[in-house]
Amino acid sequence: MDAALGASQGRGGEGFEEGLGGAEEGQERAGEGPTLEAALEAILLVVDEPVSEVTLAQVLERPTHDVVAALRGLAAEYTAAGRGFDLRDVAGGWRFYTRADCAPLVERFVRDGQQTRLTQAALETLAVVAYRQPVSRARVAAVRGVNSDGVMRTLVARGLVEEAGTDPESQAVLYRTSSYFLERLGLRDLSELPELAPFLPDDVENLEETTK
């Protein structure tokens, strides 16, 4: 009977040790933290502007090439799954964006029917700045044919346009589009702006001379 009890106690001890070992192993696995993909998703979910690959790599203490591969993999995964959002490389960084075909629904929800679009004057002024930057307010007014000071102030207030120094000859303040402008248009840089030539009138050269 003592022998049987001893054997039973022995088996119980081994079972306890095995269970303890399994618990410790589980704690080690839990201590490894989230995957790289999960960590990237968590960070990108709360950012309000694109985050560069280098910054993400520094924060997560991972090689930049690993971060780039993970970001591209996530972007492809979201696209393949037809998710309601995209992960895009825009304006020098990565950020989540609403998928294009879902944008009208989001706009309706956020704005509740209230339109806050730029006016025609603001769009014209923004286009002049985008294609002629850096450019002064006087130059913008010459191209548009009307005073654009008020519109320019609106664009600066919205963060779409920013100051870019002064003209060395006239000392006039120069303006350029901001990184927020690239972000809103979904562009990596200004080289991705559409070609302007197809939209110009045939006598554009004469127009240029008259506005100088």
Checklist entry - When clusters are formed by joining ILVMFWY residues with side-chain heavy atoms under 4.5 Å apart, either directly or through shared neighbours, do Tyr175 and Leu185 land in the same one? => result yes
Item to check | Residue pair Ala141 / Ser148: nearest heavy atoms and the distance that separates them | outcome: CA-OG, 4.0 Å
Checklist outcome for this item: When Val68, Val47, Thr64, Val51 are each screened for side chain to side chain contact (heavy atoms under 4.5 Å, CB included) with Leu56, the one that passes is Val51
Checklist entry - Under the criterion side-chain hydrogen bond (donor to acceptor under 3.5 Å, both in side chains), which of Glu163, Glu162, Gln133 is the partner of Arg176? => result Glu162
Checklist entry - To the nearest 0.5 Å, how far apart are CD in Glu192 and CG in Leu182? => result 9.0 Å
Next on the checklist: I'd like to check the side-chain contact (heavy atoms from CB on, under 4.5 Å) partners of Val90; sequence neighbours left out, ordered by chain and number.
Outcome noted: Arg88, Tyr97
Checklist outcome for this item: Result for side chain to side chain contact (heavy atoms under 4.5 Å, CB included) between Leu40 and one of Val67, Thr35, Val59 points to Val67
Under 3.5 Å donor-acceptor pairs involving side-chain atoms of residues 69-83, not counting sequence neighbours:
{"unit_1": "Tyr78", "atom_1": "OH", "unit_2": "Glu41", "atom_2": "OE2", "d": "2.4"}
{"unit_1": "Thr79", "atom_1": "OG1", "unit_2": "Ala75", "atom_2": "O", "d": "3.0"}

Checklist entry - Can you check whether Leu60 reaches Asp66 side chain to side chain, under 4.5 Å on heavy atoms? => result no
Checklist entry - Taking the side chain from Arg99 and the backbone from Phe85, do they hold a donor-acceptor pair closer than 3.5 Å? => result yes
Checklist entry - So do Tyr131 and Leu193 actually touch side chain to side chain, heavy atoms under 4.5 Å? => result yes
Item to check | For Arg137, side chain to side chain donor-acceptor pair (under 3.5 Å) partners two or more places apart | outcome: none
Checklist entry - Closest approach of Ala100 and Pro104, non-hydrogen atoms and distance? => result O-CD, 3.7 Å
Item to check | With sequence neighbours excluded, residues passing side-chain contact (heavy atoms from CB on, under 4.5 Å) with Ala138 | outcome: Ser136
Next on the checklist: Would you compute the distance between atom OG of Ser52 and atom CG of Asp89 and round it to the nearest 0.5 angstrom?
Outcome noted: 10.0 Å
Checklist entry - Between Met152 and Tyr180, is there a shared hydrophobic cluster once you connect ILVMFWY residues whose side-chain heavy atoms come closer than 4.5 Å? => result yes
Checklist entry - Would you say Trp94 and Leu36 are hydrophobically clustered, going by side-chain heavy atoms of ILVMFWY under 4.5 Å? => result yes
Checklist entry - Is there a path of hydrophobic side-chain contacts, each under 4.5 Å between heavy atoms of I, L, V, M, F, W or Y residues, that connects Val143 with Val173? => result yes
Side-chain atoms of residues 119-130: list all donor-acceptor pairs with protein atoms under 3.5 Å, sequence neighbours left out, distances to 0.1 Å.
{"unit_1": "Thr119", "atom_1": "OG1", "unit_2": "Ala122", "atom_2": "N", "d": "3.1"}
{"unit_1": "Glu124", "atom_1": "OE1", "unit_2": "Arg144", "atom_2": "NE", "d": "3.1"}
{"unit_1": "Glu124", "atom_1": "OE1", "unit_2": "Arg144", "atom_2": "NH2", "d": "3.0"}
{"unit_1": "Thr125", "atom_1": "OG1", "unit_2": "Ala121", "atom_2": "O", "d": "2.9"}

Item to check | For the student: nearest non-hydrogen atoms of Glu169 and Asp167, plus distance | outcome: N-OD1, 2.8 Å
Checklist entry - What is the distance from atom OG1 of Thr98 to atom CG of Asp101, rounded to the nearest 0.5 Å? => result 10.0 Å
Checklist entry - Leu174, Leu190: one ILVMFWY side-chain cluster at the under-4.5 Å cut-off? => result no
Checklist entry - Listed by chain and number, what are the salt bridge (charged side-chain N to carboxylate O under 4.0 Å, His left out) partners of Glu49, not counting sequence neighbours? => result none
Next on the checklist: Ignoring hydrogens, what is the shortest heavy-atom contact between Ala91 and Pro50? Give both atom names and the distance.
Outcome noted: CB-CG, 4.4 Å
